[in-house]
Amino acid sequence: LNPNQGAAAAEPCALCPRLCRHVCPVASAGLEAATPTAIAGAIVDAGRGLLSSDLLAQALDLCVNCGGCAAFCHIQRPLPALIRAARASPGPLAAPLGPAGSDPWVAVTSDARPWGDALGRRLRATVEVVPALPEHGLDGPGADAWCAAVSAAFAPALGRGARLVLADGGSARVLRAAGVPFTWLHEILEVPVEAGCSCDPSRAARCCGALGPLAGARPDVAARMGRRALRHPQGRTWGDVACASHLRRLGADVDDIIDRLIAEEGA
Ligand code: SF4
Ligand code: SF4
């Protein structure tokens, strides 16, 4: 961790009377320790040597990187970026990034399910498959360099007119941060999707807990958020496969866009 990273910049949020608490999906699930103000306070305390790196890490894990606080903030404080910067750097990320061939479509995978061939049959085109882009690449001081590497890796394909398709919000956030355009799989399939916050960041306050490090680090909190999200009427198909997977684990009957493609086109 980088306990001094962003401590001064986080002070306005640490002193703020929790003005953005209501847009934070984690705090809204009833966890006062997860308010943006509380997390900013942890960054400030760690910078002053008043909080251990372990406790700082626990506080940082309570943010799902939804961006809701920064979007709401009337004084434009970049708290999500400060939280990401204060997290541990993931170290070198796996290469290679980006497509190697000349196919007109590029599918960014989400998990072990092979949907590149199915997408190719649907599009009647060849599709190159590349690995998912881990969201934790946006954490730590190496984030800018990693975004530059992602941008450079995809530039040749974009330059020859290739289109990127993806189905998970983690890769979407990385590509957005790197300035790389992409298309959602559900848009290609013309499936009406109840947009999750990864598809539509303006809906960040409704995050079901699947995003960021939270689901792995604090499954109890993520489950509470998921149950809260399920209390609101939703469509059967969610925009992000991470959301669908998370909500299915909670017993919800929701469709997954990759399963739908494979069912329609074959594996
Ligand atoms: S992001 Fe803005 S509204 Fe939220 S805690 Fe920081 S200063 Fe307050
Ligand atoms: S980015 Fe989202 S989850 Fe993180 S503190 Fe801000 S509102 Fe809460």
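Both counts, for ligands and for their atoms, begin at 1 and track the order of listing.
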Which residue and atom name correspond to the protein heavy atom nearest [atom], and how close is it?
atom                    : answer
atom 3 (S) of ligand 2  : V64 N, 3.4 Å
atom 4 (Fe) of ligand 2 : C63 SG, 2.4 Å
atom 2 (Fe) of ligand 2 : C66 SG, 2.3 Å
atom 1 (S) of ligand 2  : G67 N, 3.3 Å

All pairs passing salt bridge (charged side-chain N to carboxylate O under 4.0 Å, His left out) where [range] contributes a residue, at least two apart:
range            : value
residues 182-191 : none
residues 15-27   : R18-E32, R21-E32
residues 65-80   : none

> Atom CG in D45, atom CG in L56: separation rounded to 0.5 Å?
Replying inline: 9.5 Å

> Which of the numbered atoms in ligand 1 are below 4.0 angstrom from a heavy atom of T37?
Replying inline: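 Going through ligand 1 atom by atom, the ones under 4.0 Å from T37 are 5 (S).
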
>> Check the orientation of F72 and H74. Use parallel for under 30°, tilted for 30 to 60°, and perpendicular for over 60°.
In response: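 Tilted.
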
> Against heavy atoms of P80, which atoms of ligand 2 measure under 4.0 Å?
Replying inline: 1 (S)

> Which of the atoms of ligand 2 are close to C24, meaning less than 4.0 Å from one of its heavy atoms?
Replying inline: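 Heavy-atom distances to C24 below 4.0 Å select 3 (S), 7 (S), 8 (Fe).
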
>> Please give me the minimum heavy-atom distance between A14 and V44, naming the atom from each residue.
In response: CB-CG2, 3.9 Å

>> If you apply the rule side chain to side chain contact (heavy atoms under 4.5 Å, CB included), what do you find for V26 with V221, and how did you get there?
In response: CA-CA 8 Å; V26 194; V221 177; 3.8 Å; yes

>> What count do you get for protein N, O or S atoms closer to atom 2 (Fe) of ligand 1 than 2.8 Å?
In response: 1

> More than 12 non-hydrogen atoms from neighbouring residues, nucleotides or ligands closer than 6.0 Å to CG on D144, yes or no?
Replying inline: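 No, because the 6.0 Å sphere around CG of D144 holds 12 heavy atoms or fewer from other groups.
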
>> Whether the side chain of D240 engages the backbone of G169 through a donor-acceptor N/O pair (distance < 3.5 Å, no angle test) should be reported.
In response: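 Checking the backbone N and O of G169 against the side chain of D240, a donor-acceptor pair under 3.5 Å is found.
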
